[in-house]
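To start, the structure itself, in structure tokens.
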2 protein chains.
Amino acid sequence: MQQDCLKKDCSHCTQDGYCVDNFLSVLRSHGGRLTKERIVLLKTACDVKGHFHADHLLKLLREQGYKLSLVTVYRNLALLIEAGVIRRASVHEDTRSGGAWYEHVWGREHHDHLVCSCCGVKIEFSYPAIDVLQEAVAKEHGFELERHHLELIGLCPECRKRKGADGRP
Amino acid sequence: MQQDCLKKDCSHCTQDGYCVDNFLSVLRSHGGRLTKERIVLLKTACDVKGHFHADHLLKLLREQGYKLSLVTVYRNLALLIEAGVIRRASVHEDTRSGGAWYEHVWGREHHDHLVCSCCGVKIEFSYPAIDVLQEAVAKEHGFELERHHLELIGLCPECRKRKGADGRP
DNA sequence: TTTCATGCAAATACTTTGCATAAGC
DNA sequence: GCTTATGCAAAGTATTTGCATGAAA
């Protein structure tokens, strides 16, 4: 898996600026084929600004005039994850927001999320010190860390203001 | 909500050592009733050592001779969470383990999880320094932190050994 | 021209809801 | 006795699977 290909300036990523090469190598390793559907899925997933659900991605594709089915979206999300193009970013929330959400990861730095428990707004942050400590914890337990999920849930500034609370209700 | 009641030495928790009082106050605030089903649910949820799913909890109840339905379990999990007896501990994993998992929280310190991506083993840890940094991040963004989900995913010592990998495949 | 991907429909898994009956308070 | 909880069956939502057709390689 060519990790370099996830970077913005990767020389492999020639086709319209999308990381087709990385995706291709994953397909090849499965004996898979590069269909039209997979190409538009790749591009659309990369173009999404924020977070998306499977059906959201389908809607975006339909709006662009492509006619693929939700089944195909589901079947290919796994490939896109394996290719390092997107990642699963969901943690079960109280407000069961319906299914898993994803975000594209290609050409982006690692980050985690702050989620407002009231309005649901999601804010990205990255805090290298936390990552370092996570590595320390993993090492302490003999784990070889692959990835992590961190979601901080609380009240965003707006909701705090609106509720007139400063911590005590 | 009497936070004290979550501690092991809480004087309210008289009935067989279970935190009935705290659960009761939540019920009362909803105009709810303390049924037999809710009592055994409370006890069984507190007795589970590790993590559990809704249907797992039902099985445990059935094994003890109680005959409640899965619907009742689902309906009361929300109450148990509100009473601070259990919490949702699930993060979507690759090995779709089927549904949300819970764990009881009453009388226990806060902790997070290390999950093996290979065998699925879950190890609890607590690392106050990480919690402190999370508070810092929240403050930085004007959030009032309520809770967080942290799951570190990687290879456990056993799976590393078995795979004969030291980091490079 | 063989093999794999797609789309449809149906199946599955988890969770929630409507309604009649049973049980707290 | 009033009102809420339970259990059943059915609905709902997110996701997966079987199978025939269509498209890559």
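Quick caveat, the model's predicted, so the values are computed rather than measured. Per chain, numbering begins at 1; letters A, B, ... match sequence-line order. As a basis for the values below, the full set of heavy atoms in this structure was taken, side chains included, without hydrogen atoms, waters or symmetry mates.
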What one-letter contact string describes nucleotides 20-25 of chain C from 5' to 3', where B marks a base within less than 4.0 Å of any protein heavy atom, S marks contact via sugar-phosphate atoms alone, and - marks no contact?
---BBS
Rounding to an integer number of Å, can you tell me how far A:I39 CD1 sits from C:dT6 P?
11 Å
Return the value, rounded to whole Å, for the distance between atom CG of A:L70 and atom C1' of D:dT15.
8 Å
Going through the distances and angles, do B:D112 and B:D131 end up as a side chain to side chain contact (heavy atoms under 4.5 Å, CB included)?
CA-CA 10 Å; B:D112 294 300; B:D131 298 345; 4.2 Å; yes
Heavy-atom pair of closest approach, residues A:V40 and A:L61
O-CD2, 3.7 Å
Between B:R38 and D:dA5, does any side-chain N or O lie under 4.0 Å from OP1 or OP2?
yes
Ignoring hydrogens, what is the shortest heavy-atom contact between A:L114 and B:A138? Give both atom names and the distance.
CD2-CA, 4.3 Å
With nearest nucleotides of DNA chain D determined for B:L27 and B:V71 from heavy-atom distances, which residue corresponds to the more 5′ nucleotide?
B:L27
Closest heavy-atom pair and its distance - A:F143, B:C156
CZ-CB, 3.6 Å
What heavy-atom pair brings A:C46 and A:V85 nearest, and what distance separates the two atoms?
SG-CG1, 3.6 Å
Quick check for you: among C:dG7, D:dA14, C:dT15, whose closest atom lies nearest to any side-chain atom of B:Y74?
C:dT15
Can you tell me the distance, in whole Å, between the CZ atom of B:R75 and the P atom of C:dG18?
10 Å
In whole angstroms, how far is the C1' atom of D:dA14 from the CG atom of A:D55?
9 Å
Report the distance from atom NE2 of A:H56 to atom C1' of D:dA14, rounded to the nearest whole Å.
17 Å
Residue met sooner reading DNA chain D from 5', once B:T72 and B:H30 are mapped to nucleotides
B:H30
What is the distance from CG of A:L41 to P of C:dA5, rounded to the nearest Å?
13 Å
Rounded to the nearest 0.5 Å, what separates atom CD1 in B:I130 from atom CG in B:L152?
6.5 Å
Pairwise distance CG(A:L70) to CG(A:D55) - rounded to 0.5 angstrom:
6.5 Å
Integer-rounded Å distance: C:dT16 P and B:N76 CG:
12 Å
Specify the separation, in whole Å, of atom CG of A:L77 and atom C1' of D:dA14.
12 Å
